[in-house]
Amino acid sequence: MENIVIQKIRNIGIVAHIDAGKTTTTERILFFSGATRKMGEVHDGQAVMDFMKQEQERGITISSAAITAQWKDHQINIIDTPGHIDFTLEVERSLRVLDGIVMVFCAVGGVEPQSETVWHQADRYQVPRISFVNKMDRQGADLFQTVDMVNDMLGANAILFQLPIGSESDFSGIIDLVGMKAITYKGFDLDISEIPAHLKSQADEFHRQLIEKLADFDDNLMEKYLNDEEISEEDIKTAARNATLKLLITPVFIGAAFKNKGIQLLMDAVIDFLPSPVDRGIIVGYDTRNADLTISRKPSAKRPFSSLAFKIINDSYVGQQTFIRVYSGELSAGSYIYNSTKRKKERVGRILRVHANERKELTVIKVGDIGALIGLKFTSTGDTLCNEENPVLLENIKYPETVLDMKVEPVSAKDRDKLGLALNKMALEDPSFKVRYDSETSETIISGMGELHLEVIVDRLKTEHYLNIGVGKPAVGFRETITREARHEYKYKKQTGGRGQYAHIDFRIEPNTGKGITFVNNIKGGNIPGEYIPAVEYGFRLTMEKGLLAGFSMVDVMFVLIDGSFHPVDSSEMAFRFCTELAIKEAIKKTSPQLLEPVMKIEINTPDEFMGDIIADINRRRGRISNMRRYRKGSQKLSGRVPLMEMFGYASVLRTLSSGRSNFSLEFLNYQALPKTVEEKVIEEQREKKRHSGV
């Protein structure tokens, strides 16, 4: 298996909205490829890919799982990703390293909110994709409506490559529009035959449409079509593959994964139409010594080793597993590699091929492949691992903002240290989860993407780390920022009888909208020695984490160090750090600081008759519906924005307003200034909280 040429590797993701059937589809792929002997089911908690306890209990995918299967002499590395918006980072970091995706749609639900999110994430990384319309056997299944939704709502050029034989509960097989054959099922076996007479005219029409659409992107096919020459299956597949790789079309395949229909044909499509690492081509990174210079890496074993760490798992048996995608060269177990992001050398103890929660030892991992490294100490998600003599820095992974906070505390003193270690491990695994300690209130605060995200974190602390902890209610993760520029000068002098402390800085702070926390050193002529500059930056960043208005961390602030002075005896790193912290606390008062709240993008699917009540309720929550479009017959998709702080308990309210017939999704959009009256209330609540904690 390890000698498979790179052209026969497929790194694919199975992605979709929650409950569209991603994990069931993956389980069938594993069974039919021989990777597993028994089909696991999501509903009974036996799915191979959902091996976490929390996944089995909830019947949803939480963490991306990687597994390798073989099909027709090809190696398929599959990542099954979550569909819930709270775990969108799992999709984001998977798409960063995948070559292609299978987008699963429910034939009943069509394009649902998370489908759109994932589709646009794939657009950002320019990932070719094919679509699989699942659940064709369900009541209400409508293939043509689903394809129309894919085209209208996602802007895709979706083209049918298959038609159904029968509909809903009578769905019995598939017409292949490329080979013009009918495929029906006898148990697990495929029966290939001629297209039934009553479906032949429909199949001929869609076959003609398929060729016409593909001819727009292929001169050879166009010439044969116009000259009425014979067009072979190979002609169609070649044109379709080229158009798919260029993101010009999205081939659509159909099936019913739970009933084992359409899976083998989908696996054929993965090989026929999705790219190999060679097709994805050269990856471009940056010179570690000069960020303005780019470096390209060709997917070849002869090029220097380069890879990206895209996921970290702490395993109780083998320790920390660092998942990597290799873009060039190869890596042997026991060798050394260079982390160009952290600028540290790492030793690779072992290399594993991960089969969900099982493992196979490898001696080498080659270009184009995905595997897990054991023994790395410094590497985190998004780091580049490469050859030390030929370093390169690849583009990092975009991390979403956390929007909810929750207080956690150990019930007993003996669990305090264990809690800190466990939280740090989990934060390393999941960059969308953050931990901070509030020294003023002596509280440990965890931050996540939503209520389910934090609920899973707490559950894992109890079940995986055996911690007895108390938790507070989820609270909105507000932020602070400044609205005006201010220049400030501050001298820090302290004499204690012996050696004193002295630091002097002259600086400017200014709004840095959309660019985060930035430190700029404009010191000229050595007025502050270079050894003290990092202490100034550390003091600045530390103060930004604490916030000054209500204790929330600050965003979008630039600090420009202009001038200062030092004392040859009394100056120290600590003095400059303290000086910076105290100086910023004074300077912030000049900048008109304000509180920001997370505003969410909301999408609501609802029958027409409930629209008025739902829109009125969103307006009462300081929200705004900005777009309405037909979702399906008799239903609308409402899109807009709403402050997160107004949305606690909304699920039960929406159920009441719509008699349980509407659903919604929330996704972080941006931070916006709080209305003054609400801001004053939040600040007063924070002060009251500190008074009660004895601060």
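This structure is a prediction, so every number in the text was calculated from the model and none was measured.
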Would a 4.5 Å heavy-atom cut-off, applied to side chains only, mark [X] and [Y] as touching?
{"X": "S300", "Y": "S328", "result": "no"}
{"X": "D216", "Y": "M222", "result": "yes"}
{"X": "L248", "Y": "N157", "result": "no"}
{"X": "I231", "Y": "Y225", "result": "yes"}
{"X": "L160", "Y": "F144", "result": "yes"}
{"X": "F310", "Y": "I370", "result": "yes"}
{"X": "S33", "Y": "I76", "result": "no"}
{"X": "L247", "Y": "P128", "result": "yes"}

Donor-acceptor pair, distance only, cut-off 3.5 Å: does the side chain of [X] make one with the backbone of [Y]?
{"X": "Q162", "Y": "I254", "answer": "yes"}
{"X": "R129", "Y": "V127", "answer": "yes"}
{"X": "N11", "Y": "G368", "answer": "yes"}
{"X": "D191", "Y": "T184", "answer": "no"}
{"X": "D617", "Y": "D613", "answer": "no"}
{"X": "H207", "Y": "L177", "answer": "yes"}
{"X": "R10", "Y": "L274", "answer": "yes"}

Inter-residue atom distance [X].[atom1] - [Y].[atom2], 0.5 Å rounding:
{"X": "D123", "Y": "L154", "atom1": "CG", "atom2": "CG", "result": "8.5 Å"}
{"X": "D219", "Y": "E223", "atom1": "CG", "atom2": "CD", "result": "8.5 Å"}
{"X": "F161", "Y": "S131", "atom1": "CZ", "atom2": "OG", "result": "11.0 Å"}
{"X": "S172", "Y": "M136", "atom1": "OG", "atom2": "CE", "result": "11.0 Å"}
{"X": "I602", "Y": "S639", "atom1": "CD1", "atom2": "OG", "result": "9.5 Å"}
{"X": "K261", "Y": "Y185", "atom1": "NZ", "atom2": "OH", "result": "8.5 Å"}

What closest approach, in Å, do [X] and [Y] show between heavy atoms, and which atom pair accounts for it?
{"X": "V104", "Y": "G21", "result": "CG1-C, 4.4 Å"}
{"X": "V252", "Y": "V147", "result": "CG1-CG2, 4.2 Å"}
{"X": "A107", "Y": "T146", "result": "O-OG1, 3.4 Å"}
{"X": "P275", "Y": "D99", "result": "CG-O, 3.0 Å"}
{"X": "I165", "Y": "I183", "result": "CD1-O, 4.3 Å"}
{"X": "F258", "Y": "R28", "result": "O-NH2, 3.2 Å"}

Give the ring-plane orientation class for F32 versus F188, where under 30° counts as parallel, over 60° as perpendicular and anything between as tilted.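 Plane angle over 60°, so perpendicular.
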
Apply side-chain contact (heavy atoms from CB on, under 4.5 Å) to T25 and V102, showing your working. CA-CA 10 Å; T25 301; V102 177; 5.7 Å; no

Neighbour count above 12 (heavy atom, 6.0 Å) for [X] [atom1]:
{"X": "M628", "atom1": "CE", "result": "no"}
{"X": "K259", "atom1": "NZ", "result": "no"}
{"X": "R138", "atom1": "CZ", "result": "no"}
{"X": "Q139", "atom1": "CD", "result": "no"}
{"X": "D228", "atom1": "CG", "result": "no"}

Which residue, T24, I78, I101, forms the side-chain contact (heavy atoms from CB on, under 4.5 Å) with I14? I78

Going by side-chain contact (heavy atoms from CB on, under 4.5 Å), I604 matches just one of N663, I618, I615. Which one? I618

Check against side-chain contact (heavy atoms from CB on, under 4.5 Å), F132 and L265: CA-CA 10 Å; F132 180 63; L265 302 178; over 6 Å; no

So does D204 pair up with R208, basic N to acidic O under 4.0 Å? no

Pair [X]-[Y], side-chain donor/acceptor within less than 3.5 Å:
{"X": "N605", "Y": "E603", "result": "no"}
{"X": "D279", "Y": "S276", "result": "yes"}
{"X": "D235", "Y": "S232", "result": "yes"}

Does the pair K181 and E194 meet the rule for a salt bridge (charged side-chain N to carboxylate O under 4.0 Å, His left out), with working shown? CA-CA 5 Å; K181 296 290 182 183; E194 295 300 315; 2.9 Å; yes

Verify side-chain contact (heavy atoms from CB on, under 4.5 Å) between D608 and Q636, making sure each step is shown before the conclusion. CA-CA 6 Å; D608 292 342; Q636 297 279 345; 3.1 Å; yes

Tell me whether R325 forms a cation-pi arrangement with F323, defined as NZ or CZ under 6.0 Å from the six-membered ring centre and within 45 degrees of its axis.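 Ring-cation test returns no.
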
Assess the residue pair T68 and Q75 against the criterion (side-chain contact (heavy atoms from CB on, under 4.5 Å)); give the C-alpha distance rounded to whole Å, side-chain angles, the decisive distance to 0.1 Å, and a yes or no. CA-CA 7 Å; T68 299; Q75 173 183 312; 3.7 Å; yes

